Amino acid sequence: MKAPSFAYAKAKSLAEAFELIERPGARILAGGQSLIPSLNMRLASPELLIDITGLKDLQGIDRRPGGLRIGALVTHAQLQRSDAVDQHAPLLLQAAAHIAHPAIRNRGTMGGSLALADPAAEYPACALALNATIVLVHRRGERRVPAAKFFKGLFETDIRPGEILAAAEFPKVERSVFLELARRHGDYAIVGLAGVADASGRRIAYLGVGATPVFAEQASRAVSLNAALELLGRDLQPQADLYNSSATKLHLAKVLLSRAWTTLSKPH
Amino acid sequence: MGKAELPLHAPGTKVDRGYIGESVPRPGLQRLLQGRGAFIDDLRFPRLAHVAFFRSPYAHALVKKLDFKAALRAPGVIAVLDGRAVAEYCTPWVAVLAHLKGIKSPPQHAIAIERACWQGEAVAAVVAESRSQAEDAVALIEAEWKELPVVVDMDDALAGRNVIHPDLGDNICFKREHDTGGVDDAFSSAVVVVEETFHFGRHTGVCLEGRAILADYNAGEHSLTVYHATQAPHMMQDIFSRHLNIPEANVRVITKDVGGSFGIKVHVYPDEMATAAISVMLRRPVKFVADRLESFLSDIHAREHKAKVRLACSKEGDILAFDLDDVTAIGPYSVYPRTSGIEGNQVVNLTGGPYKHQKYRAKMHVVFTNKNVTCQYRAVGHPIAVALTEGIVDIAAQKLGMDPAEFRRRNLIADDAYPYTFPSGIKFEKLSHHKTLDLLLQKMDYKALRAEQAELRKQKIYRGIGLASMIEVTNPSPAFYGVGGARISAQDGATLRLEPTGMLTVMCSVTEQGQGTEAIFAQIAASAVGVSLAKVKVITGDTGITPYGGGTWASRGAGIGGEAVLLAGRALRSNMLDVAAAMLKMDKAELDIAGNAVVHKLTTEKKLELAELGRVAYFRPDTLPLDFQSELTVTRHYTPRQYGFTFTNGIQASLLEVDPDSGFVKLLKHWCVEDSGTVINPMLVDEQLRGGVVQGIGAALFEECIYGPDGQLLNGSMADYLVPMAGEMPDIVCAHVETPTMQSQLGAKGVGEAGTAGAPGAIMNAINDALAPLGARVTRMPFTPERILKALKKVD
């Protein structure tokens, strides 16, 4: 299939991007990891694509007190090569290795993944586990939204009209586990687990189990693995996919929990 | 001894095999790597129009009304056509063959008229200046549908509550029964009787290059040139000629580079016929390239079998009888012109094939459903027959407490028992089951693997080892299609021409699909004539140039096309020696050709460069004797005739690990020992085996076209339909036993489908071997994690 015809504009500044985004049928194009295939399958038909890849304000990985700020345009490949990410948020590094294949990781971006909010994607679950803050900018300033409030539904986020996802901020958490079960390397996982632990406790989030990434609140607080496995059934009500029933997904989520548990339960 | 003077396999003689057996690279490789391939979509024509099809969104529905008004007004649109308009230019077809007794199928049109029978069947075509414009206009077609009852499940089809084609009376396309007699007695006297039902998912061959056709009708000479990604250019020439009513010689089919075919591109597709018809109608070149989404909806699918198999065995472990009941669902039409009855027929022919039991009974039904059509895809029927044979053999061995390798050794047909007629009626010229088994066990160090497996089980690591013996149909004679009335050539031809500079041009009717056929033809031609490989240029895929032939399918290219090249090469060499003898005034018997020169046969002293021979023959024949005329272009043909098929044999093994918690399978290693007769190019043969094994692994673990209860394909994209990818593939070790066929001088049997034939059975047996200590067994391909977890009762 060929993409339906659309207009294209490469924004030279954030100000220009804010202006363009007001136009009817406008959509932001970053790495194109998901948008370009959906255009080519005629699943999306925007009238205007605003290419933001030239915007310097949205690039770069910066160390901040207590954590990291990762610009929306940072690609998966840049993230994988970053010492700062390795030291402050190793969970993201572990997760990035599971995203598709090297050619795609060279183009796909952190911001694109968060803004699309695919419930099977890696970063949204990581953002939830890490208690990330999503930084949204608009004409008159910025708005900071905690990850727990950012993912609102299937491919639905708290981004409001006129806003652009500029960055995500991650607190420093060294101990982390990222696990996925995908039938082929690089595929969307049947189910995945993003878990971190520090003095304040464990935080375990799942991908591929619902309309949004899901924070396994009760299992995270459990005192033992057995209790956590029991409680996980209350945290997750996975939707069946083409190949796996809800029960299979829950079973696999438990398998991942068992595998992650030791790492997330060492004393501090 | 002279070069290739005797049959290459003549016992007790030493023959210079030239390039036969050498791993030389294929000639087209650099061109393809440099992006200079010529696939259909690379071709540029003035006034080229593009077609996109409006396809049925329903699995079964009447087309009450089609409204083209908006589509016709869309930018760039040249024409919007329904089935009736196209039928004016293209007659319908019925895909039956006389030797498949009772097979039936309704007439099929290039574009469906009045009724769509599967989701994705084309009901209208938009022709526009660009594909993109055509797709825009397709979205503007308005249709009114009346949905009809949908038959999706093969058992429902068989029961026949809803009959898809009322004129045919029921949903049964074809049925076959075979009985040697004595089966019931064998089962009642047997000490061990085992039974299992195996399910095989419907899947498809995913070619790198989608189906593609560019038809260019020339009204000035009432001729049609078709650039076509096809495996069988002459078959298509005949079909375009008859269905578009253009004289055969006015139809030229040109097959340039083809990006993989696997059987997908050997059939007649309605949308491709419509494209050719539209070219005739509009008197201009018209192109259609199937995109990935419509490929999933309209490229043939394959498999979808449910087979119950029973095996009777003595207490010593001798197999006494096989009893088979197979059902396969093929969609709403038998596919033209090969029919969709062949795969089931093969399952009946081949089940139990490697073993020496004498009693065999089989029942098989081919039924219509409202899904995309199925037809012959790489290894046609073999993956089914091998998996269910080897699956039940392993179950029997398990019940007897015998090692699966020993059980096979006891039951495989002895290597000195040939010629041999199998109870299904097929005849084997010469097979080497025991040699291949021995070589396999040695290559994989079977005993050590079994010891390691036992050790690891104590640590709750569940490894499985699976074996799959097999036989395979290759080099088919006219018994495959021709006897049934199909105008599909079982013979192939090769023309060799000596160029004046001493180069060779080879033109062969077998086509190149990316598998390296042209490389082996160059090797055979160079070896037969006595020139170096760099002197050979091969041309294939043009009905206007090459001799007539069948093309590429059924693992026939090397064995049949290769033999034609060899015969032509030898004849040309003889003719060249006639010229040399006249020039040198020597006895022809004293001369030979080696290293691009005529040499003295005994002393190998160089007598004459071939460039000099060519110069004289073409430009100074006045210097040759008055009554001498050189013949430096030679054509030869070859048809296998002594046997219906030249059977090959082989055995594969899989080593894998099953994670009983997640149901995931990790492939650790795969072995394939194959006897495909003379190996012409070991590298290409091993590549064929490995590629085939990977496709077989796809069937076993990943690939399935999943339909919903309403007949909708649920996973028709590369995101949801899982093809096997490199990351999950194990190392694949290949080894060979060479038992050349004595029917030809070359001795080559086919090898293109062997990997695909054996791998699913080997993988299944390995998984079940791993699961055995846990009391679980899987029988439904593909073996997804969920299916394994269900077998383990980890989930409901």
Side-chain angles (χ1 to χ4, degrees), chain A residues 1-6 33-34 36-43 45 97-104 118 120-121 179-193 208 225 229 233 238 240-261, chain B residues 50 52 75 128 130-136 138-139 201 210 289-295 659-666 698 701-708 713-729 782-790 792-796:
Chain A
M1 256 190 196
K2 312 291 181 193
S5 63
F6 53 82
Q33 177 181 346
S34 302
I36 298 295
S38 65
L39 288 176
N40 284 340
M41 291 164 86
R42 293 202 173 207
L43 295 173
S45 49
H98 292 273
I99 302 173
H101 304 279
I104 294 170
D118 186 329
L179 297 171
E180 270 192 10
L181 287 168
R183 285 169 68 193
R184 301 180 306 178
H185 189 83
D187 278 354
Y188 283 118
I190 301 170
V191 55
L193 177 155
L225 173 59
L229 291 171
D241 64 25
L242 265 176
Y243 297 97
N244 302 280
S245 68
S246 176
T248 299
K249 285 197 156 197
L250 182 59
H251 170 82
L252 294 175
K254 288 179 179 176
V255 170
L256 294 185
L257 186 60
S258 306
R259 289 177 185 175
W261 192 259
Chain B
H50 301 255
S130 74
R131 168 79 186 208
S132 179
Q133 289 173 322
E135 286 180 13
D136 286 343
V138 164
V289 179
D291 72 30
R292 193 56 69 187
L293 300 181
E294 60 191 340
S295 287
D659 172 5
D661 292 330
S662 67
F664 273 57
V665 173
K666 184 177 169 60
L701 294 182
F702 299 108
E703 298 184 59
E704 184 171 20
C705 300
I706 302 172
Y707 278 84
L713 180 63
L714 301 177
N715 61 340
S717 79
M718 294 298 274
D720 295 324
Y721 181 93
L722 306 185
V723 295
M725 290 176 68
E728 283 65 49
M729 292 304 109
F783 305 114
T784 64
E786 180 171 89
R787 286 173 178 169
I788 290 171
L789 289 172
K790 281 183 173 170
L792 286 163
K793 302 196 166 43
K794 295 275 174 84
V795 296
D796 296 333

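What you see is a predicted model; the values in this text were computed from it and never measured. Letters A, B, ... mirror the listed sequences (proteins, then strands); counts begin at 1.
- Heavy-atom distances place both the backbone and the side chain of B:V723 under 4.5 Å from chain A.
- Of the listed residues (A:R259, A:R183, A:H251), the greatest number of heavy-atom pairs within a distance under 4.5 Å of chain B belongs to A:R183.
- In plain terms, the two heavy atoms of B:S132 and A:A3 that are nearest each other are OG-O, 4.1 Å.
- Most heavy-atom pairs under 4.5 Å with chain A: of the set B:V665, B:T784, B:V289, this distinction falls to B:T784.
- With a threshold of 4.5 angstrom between heavy atoms, B:L293 approaches chain A through side-chain atoms but not through N, CA, C or O.
- Between B:D661 and A:V255, the shortest heavy-atom contact is O-CG2, 3.5 Å.
- With B:E786 contributing its side chain and A:T248 its backbone, the two residues share no donor-acceptor pair below 3.5 Å.
- Taking CE of A:M1 as the start and CZ of B:R292 as the end, the distance is 14.0 Å to the nearest 0.5 Å.
- Minimum interatomic distance between B:F702 and A:R184 (heavy atoms only, all atoms of both residues): CE2-CG, 3.7 Å.
- For a residue to count as touching a neighbouring chain, one of its non-hydrogen atoms must lie under 4.5 Å from one of that chain's; by this rule B:E704 touches chain A with the backbone only.
- At a 4.5 Å heavy-atom cutoff, the contact between B:M718 and chain A is made by backbone atoms alone.
- Interface residue B:E728: only side-chain heavy atoms are found under 4.5 Å from chain A.
- With a 4.5 angstrom heavy-atom cutoff, B:S717 touches chain A only via side-chain atoms.
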Applying side chain to side chain contact (heavy atoms under 4.5 Å, CB included), run through B:D136 and A:R42 and close with a yes or a no.
-> CA-CA 10 Å; B:D136 286 343; A:R42 293 202 173 207; 2.9 Å; yes

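- Contacts between B:L714 and chain A at a heavy-atom distance below 4.5 Å involve backbone atoms as well as side-chain atoms.
- Looking at A:H185 and B:M725, their side chains never come closer than 4.5 Å, going by heavy atoms from C-beta outward.
- Contacts between A:A100 and chain B at a heavy-atom distance below 4.5 Å are absent for every atom of the residue.
- Among A:S245, A:P4, A:G186, A:A247, the residue with the largest count of heavy-atom pairs under 4.5 Å with chain B is A:S245.
- Heavy atoms of A:D187 lying under 4.5 Å from chain B belong exclusively to its side chain.
- Proximity to chain B (any heavy atom under 4.5 Å) is shown, for A:L256, by neither the backbone nor the side chain.
- Under the rule for a salt bridge (Lys or Arg N to Asp or Glu O under 4.0 Å), A:E180 has no partner lying at least two apart in sequence or in another chain.
- Closest approach of B:S662 to A:L252, counting heavy atoms only: O-CD2, 3.5 Å.
- Across B:N715 and A:Y243, no two heavy atoms sit closer than the pair ND2-OH, 3.1 Å.
- For a residue to count as touching a neighbouring chain, one of its non-hydrogen atoms must lie under 4.5 Å from one of that chain's; by this rule A:S5 does not touch chain B.
- Ranking A:I190, A:L242, A:L250 against chain B, the residue ahead of the rest is A:L242, based on heavy-atom pairs under 4.5 Å.
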